[in-house]
Amino acid sequence: MACFYRYHLNFFSLLLLLHLSLTSAASSFRPNALVLPVSKDPNTLQYTIKLTQRTPPVSVPLTLHLGGQFLWVDCDKKYVSSTYRPARCNSAQCSLANSKSCGTCNSSPRPGCNNNTCGLFPDNPFTNTATIGDLSSDLVRVASTNGSNPGRVVSMPHFLFTCAPTFLLQGLANGVQGIAGFGRTKISLPSQFSSAFSFARKFAICLSSSGVVFFGDGPYTFLPRDEEVSSRLTFTPLIINPVSTAGATVAGEPSSEYFIGVTKIKIGEKEVAVNKKLLSIDSEGNGGTKISTVNPYTVMQSSIYKAVSDFFVKYVGDIPRVKAVAPFTVCYGPRSFSSTRAGPGVPAIDFVLQNDKVYWRMFGMNSMVQVNDDVYHLCLGFVDGGKSPRTAIVIGTYQLEDNFLQFDLARSRLGFTSSLLFLQTTCANFNFTSSV
Ligand SMILES: *[C@@H]1O[C@H](CO)[C@@H](O)[C@H](O)[C@H]1NC(C)=O
Ligand SMILES: *[C@@H]1O[C@H](CO)[C@@H](O)[C@H](O)[C@H]1NC(C)=O
Ligand SMILES: *[C@@H]1O[C@H](CO)[C@@H](O)[C@H](O)[C@H]1NC(C)=O
């Protein structure tokens, strides 16, 4: 009897041990980085990612908003999940999200409609609309990466997001169910992933019609020659705009968008005279330069736009211009420029940063846009932002394509590469074949 008891106990502890070691093996896998593919929607020119969320899992298409505060999704349509949880008022989740409101809902409970739940203001920067929605959490799964391939899929059981009503989707790419905010907040996608897996507070975006985003530090390796781009970065400080630039704002909140300190603009290495006052951020949060995935083309305050366009036209000289195609004003016919590795052979445009030696150089593929309007045009890809826009220069996605950008939140700096074409690769060259 004693013998049996002992045997039983040992067998049981063996099982228990086995179980413990298996679960700890599973949870001890800690990724250093995560990876997701990015696509470009041809109609809206928005960049989209797909996040696997809920139980059972659903692949949720989302528009990427670099400066967005958090993830929001449409909870009104077909949100079914056994792991959905509303964030209770005064919980740690509400304070992490910096929520100041506590809401109720008069119909029967469902995702996005709960009593005693704290709220945030989801916004759609494409239509300048904002509303209020329940802070919530649900399971999210993402592929880890060693920098060369996607690896094991890891999960976060309580990923925070905000529920929004269906109307907030207006103006977003077809099929998209929300916005993925990568901004400077504690609950943006990069912040939540970094704290959940205790990896570097860095993320990187590389935009093209089929690009990639990474959460965490490098290596970031691109085919065909295993080019590791984190060793190719030039750094500039990220600047905090003390005044929020979001659709609905809480007084005193800084902007969650990413600003950099452009101090000069050069074309063909010659300085363009612009009003320097516009290039810094004033006490009301106006002026300065930000990077945005909301604008398809770089937008410049009128006087800067005019100075840059006039300088470019003069620099290019005798090449005849053709009728402009809106929203552009400076266009040339086909075969106006030679063809180079990095697009049409036009003078390079430099955004000079903290000193003359640090600049972000744009070549023809990022400055000239092909427009087909009866005839083939090649237009200078900047847009006039009017006399008094909030931000003087908004660097848009056309100028970011095939440039690798790393946002280092801990050190508050941006690493950038200029055109990857000079490294004989592109943002479409991450090897998405899984290694598991
Ligand atoms: C919230 O509470 C009110 C009043 O008790 C109740 O009528 C309503 O159904 C509740 N709503 C939800 C979503 O539980
Ligand atoms: C992509 O990665 C897979 C898995 O590691 C590998 O088998 C394949 O050869 C890689 N593709 C290229 C083009 O190197
Ligand atoms: C990542 O994993 C793949 C597949 O196991 C391997 O071929 C590759 O060399 C690894 N890359 C790095 C940077 O460790």
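Here the structure is a predicted model, which is why all the values come from computation and not from measurement.
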Open item on the list: Apply side-chain contact (heavy atoms from CB on, under 4.5 Å) to residues L380 and M368 and explain how you reach the verdict.
Closed with: CA-CA 5 Å; L380 182 62; M368 303 304 287; 4.1 Å; yes

- [ ] Evaluate the pair C379, C331 and indicate whether the two SG atoms are within a distance below 2.5 Å.
- [x] yes

Open item on the list: Can you tell me which residue among P389, S388, S303 is in a side-chain contact (heavy atoms from CB on, under 4.5 Å) with L278?
Closed with: S303

Open item on the list: Centroid separation under 6.0 Å, is that true for the rings of Y258 and F182?
Closed with: no

- [ ] Determine yes or no for a side-chain-to-main-chain donor-acceptor pair under 3.5 angstrom, with D217 supplying the side chain and A33 the backbone.
- [x] no

TODO: Could you tell me whether a side-chain N or O of T426 sits under 3.5 Å from a main-chain N or O of D402, the two making a donor and an acceptor?
DONE: no

Task: Under 3.5 Å side-chain donor-acceptor pair for D138 and S81 - done: yes

Open item on the list: Under a 3.5 Å distance rule, please check whether E401 uses its side chain to pair with a backbone N or O of L207 as donor and acceptor.
Closed with: no

Open item on the list: Quick test of your reading of the model: are R390 and E284 salt-bridged, counting only N-O distances below 4.0 Å?
Closed with: no

TODO: Using atom types as modelled and distance alone, determine if a side-chain donor or acceptor of T289 lies under 3.5 Å from a backbone N or O of G261.
DONE: no

Open item on the list: Any side-chain to backbone donor/acceptor pair from S309 onto K306? Under 3.5 Å, distance only.
Closed with: no

Task: Side chain S144, main chain R152, donor-acceptor under 3.5 Å - done: yes

- [ ] Check the surroundings of atom CG in N174: do more than 12 heavy atoms from other residues, nucleotides or ligands lie under 6.0 Å from it?
- [x] no

Ignoring hydrogens and angles, write down the donor-acceptor pairs under 3.5 Å from the side chains of residues 49-67, residues two or more places apart or on other chains.
{"from": "T55", "atom 1": "OG1", "to": "T83", "atom 2": "OG1", "distance (Å)": "2.6"}
{"from": "T63", "atom 1": "OG1", "to": "Q46", "atom 2": "OE1", "distance (Å)": "3.0"}

TODO: Assess whether salt bridge (Lys or Arg N to Asp or Glu O under 4.0 Å) is satisfied between E271 and K276, documenting all intermediate values.
DONE: CA-CA 12 Å; E271 185 174 350; K276 294 256 165 81; 3.1 Å; yes

Open item on the list: Below 30° counts as parallel, above 60° as perpendicular, anything between as tilted: where do the rings of W360 and F416 land?
Closed with: parallel

Task: Any donor-acceptor N or O pair under 3.5 Å, side chains Y47, S39 - done: no

TODO: Please examine the side chains of T234 and T417, heavy atoms only from C-beta on, and report whether any two atoms are closer than 4.5 Å.
DONE: no

Task: Side-chain ion pair, E257 and K290, N-O less than 4.0 Å - done: yes

Open item on the list: For F363, is the CZ atom crowded, meaning more than 12 foreign heavy atoms sit under 6.0 Å from it?
Closed with: yes

Task: Steps toward salt bridge (Lys or Arg N to Asp or Glu O under 4.0 Å) verdict (D282, K277) - done: CA-CA 9 Å; D282 70 17; K277 242 175 107 181; over 6 Å; no

Open item on the list: Please determine whether a side-chain nitrogen of the Lys or Arg among D356 and K264 lies less than 4.0 Å from a carboxylate oxygen of the Asp or Glu.
Closed with: yes

TODO: Using side-chain hydrogen bond (donor to acceptor under 3.5 Å, both in side chains) as the criterion, point out the one residue from R232, Q406, E228, E227 that pairs with Y220.
DONE: Q406

Open item on the list: Quick check: do L71 and T162 have side-chain heavy atoms less than 4.5 Å from each other?
Closed with: no

Open item on the list: Has S155 got a side-chain atom pairing as donor or acceptor with P157's backbone, closer than 3.5 angstrom?
Closed with: no

Open item on the list: Would the distance check show the side chain of T145 and the main-chain N or O of G147 forming a donor-acceptor pair, the cut-off being under 3.5 Å?
Closed with: yes

- [ ] May I ask you to decide if G285's main-chain N or O and N241's side chain share a donor-acceptor pair within less than 3.5 Å?
- [x] yes

Open item on the list: Within this structure, what is the OG-NZ distance for the pair S230 and K202, rounded to the nearest 0.5 Å?
Closed with: 8.0 Å

Task: Proximity of F70 and F161 rings by center, below 6.0 Å - done: no

TODO: Answer yes or no: is there a side-chain heavy-atom contact under 4.5 Å between T263 and L279?
DONE: no

Open item on the list: With heavy-atom distances below 4.5 Å as the criterion, would you say the side chains of V262 and L353 are in contact?
Closed with: yes

Open item on the list: Within the 4.5 Å heavy-atom criterion, are Y84 and C163 side-chain neighbours or not?
Closed with: yes

Task: side-chain hydrogen bond (donor to acceptor under 3.5 Å, both in side chains) between D384 and S302, worked out - done: CA-CA 5 Å; D384 187 340; S302 280; 2.7 Å; yes

Open item on the list: Could you check whether N403 and N366, counting side-chain N and O atoms only, form a donor-acceptor pair closer than 3.5 Å?
Closed with: yes

TODO: May I ask you to test the S191-R201 pair for a side-chain heavy-atom distance under 4.5 Å?
DONE: no

Task: NZ-OG distance between K186 and S188, expressed to the nearest 0.5 angstrom - done: 11.5 Å

- [ ] Please say whether more than 12 non-hydrogen atoms of neighbouring residues, nucleotides or ligands are located less than 6.0 Å from CZ in R411.
- [x] no

- [ ] Would you check if there is a donor-acceptor pair between the side chains of Q69 and D123 at a distance under 3.5 Å?
- [x] no

Open item on the list: Parallel, tilted or perpendicular: which one describes the rings of F404 and F214, with boundaries at 30° and 60°?
Closed with: tilted

Open item on the list: Using disulfide (SG to SG under 2.5 Å), reason through C118 and C102 one step at a time and then give a plain yes or no.
Closed with: CA-CA 4 Å; C118 67; C102 183; over 6 Å; no

Task: F382 side chain reached by Y305 side chain, heavy atoms, under 4.5 Å - done: yes

Open item on the list: Please evaluate residues F311 and I265 with respect to the criterion side-chain contact (heavy atoms from CB on, under 4.5 Å), reporting the C-alpha separation (whole Å), side-chain torsions for both, the decisive distance (0.1 Å), and the verdict.
Closed with: CA-CA 11 Å; F311 198 101; I265 299 172; over 6 Å; no

Open item on the list: For D134 and S136, which I'm curious about, is there any donor-acceptor pair between the side chains at under 3.5 Å?
Closed with: no

Task: Closest non-hydrogen atom pair, T329 against A324 - done: O-CB, 3.5 Å

Task: Pair F199 + F193: ring centers closer than 6.0 Å - done: no

- [ ] Start with the C-alpha distance between S412 and R184, add both sets of side-chain angles, then the distance that settles side-chain hydrogen bond (donor to acceptor under 3.5 Å, both in side chains), and finish with yes or no.
- [x] CA-CA 10 Å; S412 195; R184 218 182 238 273; 3.2 Å; yes

Task: Contact check, side chains of V35 and V212, non-hydrogen atoms, under 4.5 Å - done: yes

Open item on the list: Please verify the inter-ring angle class for F430 with F222; under 30° counts as parallel, over 60° as perpendicular, anything in between as tilted.
Closed with: perpendicular

Task: Residue pair T236 / Q354, side-chain donor-acceptor N/O under 3.5 Å - done: yes

Task: Residue pair Q399, T298: steps toward the side-chain hydrogen bond (donor to acceptor under 3.5 Å, both in side chains) verdict - done: CA-CA 7 Å; Q399 278 67 42; T298 295; 2.9 Å; yes

